[in-house]
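To start, the structure under review is shown below, and the notes come after it.
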Amino acid sequence: MADLFKQRIDELRAELNRHNYNYYVLNAPTISDKEFDDLLRELQELEAAYPQYFDPLSPTQRVGSDINKAFTQVAHERPMMSLANSYSIEEVEDFLRRAKSGLGGEECQIVGEMKFDGTSISLTYENGRLVRAVTRGDGVRGDDVTANVMTIKSIPLQLQGSGYPERFEVRGEILMPWNTFEELNRERAYNEEPLFANPRNAAAGTLKLQNSAEVARRGLDAYIYYLLGDNLPHDNHYDNMLAVREWGFKVSSAMTILPSIDAVGEFIAHWDEERKNLPVATDGLVFKINSLRQQLNLGSTAKSPRWAIAYKFQAERACTKLRFVSFEVGRTGVITPVANLEPVLLSGTIVKRASLHNEDIIRSLDIHDGDMLYVEKGGEIIPKIVGVDLDSRKPGSLPVEFVKTCPVCGSQLRRIEGEAAWVCTNSNGCAPQITGKIEHFVGRRMMNIDGIGEEVAEQLFNAGLVRNIADIYDLTVEKLMTLERFGLKSAQRIMRGIDDSLSVPFERVVFALSIPFVGETVAKKLAFAAHDIDSLMAMNELQLACIDEIGAKIAESVTGFFAVPENREIIERLRAAHLQMAVADEAIATVSDRLAGKSIVISGVFAHHSRDEYKKMIEQHGGKNVGSISSKTNFVLAGNNMGPAKLEKARKLGVTILTEDEFLAMLGE
């Protein structure tokens with residue numbers, strides 16, 4: 001009987017792998033999402049019932065783990081080099097001329113490919129199974145990110161087909177698709193976290209997260225562009241990549257053999273336009289010598305192969321008409337002017353709006369009503385107004401005027417001293433501020449109440465159910481089910497999140513309150529300095545300013561927030577709902593001032609704790625985490641494989657280098 005269950009498990013794994021390939025690689029699903037989920041659920045149940053058949057590469061393991069793991073560094077079997085760049089067809093022609101000369105005048109065939117704008121990865125397979133994934137690193141060594149890469153569904157864990165070598169390596173690019181990237185940035189904007197400038201940064205940052213479950217949530221993609229190893233199926237790059245595609249990898253359909261320099265020019269012209277319609281970011285093309293023998297004969301310089309070159313596209317810019325400027329209100333009351341534009345296609349997306357940030361930028365650009373504006377995107381996803389076409393300005397057009405009152409509630413605006421921002425002063429009565437605070441409060445890094453996003457927050461507000469964050473704790477299943485499109489499961493999901501939020505630690509409660517200028521790190525500083533909400537509310541500006549990293553502006557903001565009777569009433573209601581209003585005793589026990597005033601750089605890989613855990617320790621003991629070494633650095637916490645550049649700089653500046661054990665001893669551990 002057990003053999004029958006093992007057979008069914010194997011069948012389900014093979015079928016789910018095939019459906020993953022159809023969906024994520026071919027973009028041609030053959031079953032519905034529900035049918036896929038039903039198969040996956042059956043496999044999960046069988047694996048739970050028969051743990052002896054566990055396989056780390058099972059499709060059920062794609063969700064990742066929330067266990068933090070420090071990355072270990074791995075030496076590349078073959079260096080991962082970067083490509084030399086070119087910016088014109090003439091420079092590509094020079095590359096081909098040099099290659100032909102290096103081959104003694106021998107003719108060579110060229111393959112053209114997309115240059116995807118992500119982060120490079122090396123994948124090693126043995127007997128058709130993924131065994132290791134390593135980042136580029138410094139080209140000689142990279143970080144082992146296998147657990148994170150296993151969550152990327154376009155990367156096969158078990159190969160399909162046949163004919164692959166017993167052991168081989170493929171290299172490719174990890175990418176974050178445009179739509180996923182934009183959703184991630186919307187989420188970060190709601191949480192008032194710094195936005196990722198482009199999908200490349202987002203993909204690189206995601207791949208290095210310690211939590212593979214969060215990596216899985218972010219929906220990365222991957223394209224493969226090179227095959228390395230012994231006993232390869234073909235003696236040329238193009239046919240090898242076709243074989244790689246048959247084994248289950250995603251290979252760009254743009255890959256083409258180009259018979260002449262004219263064909264190269266046509267390839268460039270075609271993709272300079274067509275790339276705008278791709279679902280992922282690109283910043284150029286790559287041209288490679290097709291023959292592996294010729295690649296070997298051409299060899300490499302110290303930095304780049306002589307058999308390949310990158311062609312970089314120019315930054316994209318367009319000129320489009322300003323329809324009007326709207327003024328939007330954020331959760332802290334800041335008024336943001338937004339240029340509403342005639343739609344224009346840039347870097348694969350239609351741009352209709354671009355932030356003008358503040359009044360000073362409108363003035364510096366000298367924007368008038370109806371102006372033709374230059375919009376640039378390049379590798380950046382966030383559209384940026386970079387200038388005005390003054391020649392097309394209509395006579396008599398008037399400068400854009402910044403609003404004098406809140407565009408939503410009509411309240412007076414106040415300019416923040418020393419800042420370019422204007423804010424609406426009606427913090428507890430202005431609808432966008434209230435719904436923004438609700439969204440922020442329930443966010444993942446705040447109270448983590450699942451099921452309430454932008455739309456639901458507005459529904460709750462418009463229905464009169466939630467007019468401030470304390471009202472969330474008066475919700476019931478019955479009240480939630482009065483909302484449009486809300487069923488029992490949706491209501492119960494939110495209520496579970498509300499119940500779970502009662503155990504969220506105090507420092508996250510402080511962050512969730514939406515005190516202006518109080519981000520996640522500052523909230524921790526305030527919470528651990530005050531220990532409880534009453535002490536925090538009682539602190540004056542001088543006492544607050546004495547806390548590390550709390551300057552006069554933040555101190556004034558905190559005291560101003562608690563001076564508002566409505567805010568104190570909300571806090572009392574949150575207290576009555578049994579939220580955590582004090583730092584846990586065990587957390588206080590780990591806090592000291594042993595590192596007070598010290599700036600510390602962390603570098604390397606650690607055995608006892610993860611980098612994030614060490615950063616938390618430094619903060620808990622009064623220290624400050626800094627990213628780069630300078631004369632002001634007090635010491636470096638160095639693990640294994642500390643970066644050679646940092647090591648050299650530390651020695652040159654005479655900065656103390658502490659081992660992991662020495663650091664823990666300093667903290668009394």
**Prompt:** Taking it one step at a time, do Gln158 and Arg129 satisfy side chain to side chain contact (heavy atoms under 4.5 Å, CB included)?
**Reply:** CA-CA 5 Å; Gln158 172 73 56; Arg129 290 166 63 87; 3.0 Å; yes
In Å, rounded to the nearest 0.5 Å, how long is the span from [atom1] of [X] to [atom2] of [Y]?
X      : Y      : atom1 : atom2 : answer
Leu574 : Leu513 : CG    : CG    : 7.0 Å
Ile174 : Ile152 : CD1   : CD1   : 3.5 Å
Met80  : Glu169 : CE    : CD    : 7.0 Å
Phe441 : Ile449 : CZ    : CD1   : 5.5 Å

**Request:** Provide the closest heavy-atom pair for Thr146 versus Arg132 in the form atom of the first, atom of the second, distance.
**Result:**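 Nearest heavy atoms, Thr146 then Arg132: OG1-CA, 3.4 Å.
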**Request:** Provide the closest heavy-atom pair for Leu653 versus Ser630 in the form atom of the first, atom of the second, distance.
**Result:** CD1-C, 3.6 Å
Between [X] and [Y], is there a donor-acceptor pair closer than 3.5 Å when you use the side chain of the first and the backbone of the second?
X      : Y      : result
Thr206 : Ala202 : yes
Arg594 : Leu667 : yes
Thr124 : Val131 : no
Asp532 : Met581 : no
Lys649 : Ile629 : yes
Arg136 : Gly142 : no
Asn567 : Phe561 : yes
Asn148 : Leu207 : yes
Ser557 : Pro516 : yes
Lys615 : Ile602 : no

**Residues forming a salt bridge (charged side-chain N to carboxylate O under 4.0 Å, His left out) with Arg467, sequence neighbours excluded** = none
**Message:** For a salt bridge (charged side-chain N to carboxylate O under 4.0 Å, His left out) check, start with the C-alpha distance between Asp471 and Lys437, then their side-chain angles and the critical distance, and finish with the verdict.
**Reply:** CA-CA 12 Å; Asp471 290 339; Lys437 287 172 184 173; over 6 Å; no
Check whether any side-chain heavy atom of [X] sits under 4.5 Å from a side-chain heavy atom of [Y], and report yes or no.
X      : Y      : answer
Ile335 : Val329 : yes
Glu187 : Arg444 : yes
Gln543 : Thr559 : no
Arg218 : Leu209 : yes
Ile155 : Ile224 : no

**Prompt:** Between Leu175 and Phe181, is a side chain to side chain contact (heavy atoms under 4.5 Å, CB included) present by the stated rule, with each step listed?
**Reply:** CA-CA 10 Å; Leu175 302 155; Phe181 172 78; over 6 Å; no
**Item:** Evaluation steps, salt bridge (charged side-chain N to carboxylate O under 4.0 Å, His left out), between Arg496 and Asp450
**Value:** CA-CA 8 Å; Arg496 280 195 301 271; Asp450 194 22; over 6 Å; no
**Request:** Apply salt bridge (charged side-chain N to carboxylate O under 4.0 Å, His left out) to Arg217 and Glu214, showing your working.
**Result:** CA-CA 5 Å; Arg217 189 184 73 84; Glu214 175 63 14; 2.8 Å; yes
**Request:** Mind running side chain to side chain contact (heavy atoms under 4.5 Å, CB included) on Leu220 and Thr151 for me, showing each step along the way?
**Result:** CA-CA 8 Å; Leu220 296 176; Thr151 70; over 6 Å; no
**Asked** What pairs with Asp661 under side-chain hydrogen bond (donor to acceptor under 3.5 Å, both in side chains), at least two apart in sequence or on another chain?
**Response**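 side-chain hydrogen bond (donor to acceptor under 3.5 Å, both in side chains) check on Asp661 returns His608.
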**Close aromatic pair by centroid cut-off 6.0 Å: Phe511 and His440** = yes
**Asked** Would one find more than 12 heavy atoms of other residues, nucleotides or ligands at under 6.0 Å from atom CD of Glu126?
**Response** yes
**Request:** Kindly check if the number of other-residue, nucleotide or ligand heavy atoms within 6.0 Å of CZ (Arg575) is above 12?
**Result:**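 More than 12 heavy atoms, drawn from other residues, nucleotides or ligands, come within 6.0 Å of this atom.
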**Request:** Take Phe635 and Lys598, measure what side chain to side chain contact (heavy atoms under 4.5 Å, CB included) needs, and give me the verdict at the end.
**Result:** CA-CA 8 Å; Phe635 65 84; Lys598 296 188 183 298; 4.1 Å; yes
**Message:** Under a plain distance cut-off of 3.5 Å, with no hydrogens placed, do Tyr53 and Ser58 share a side-chain donor-acceptor pair?
**Reply:**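 No donor-acceptor contact under 3.5 Å links the two side chains.
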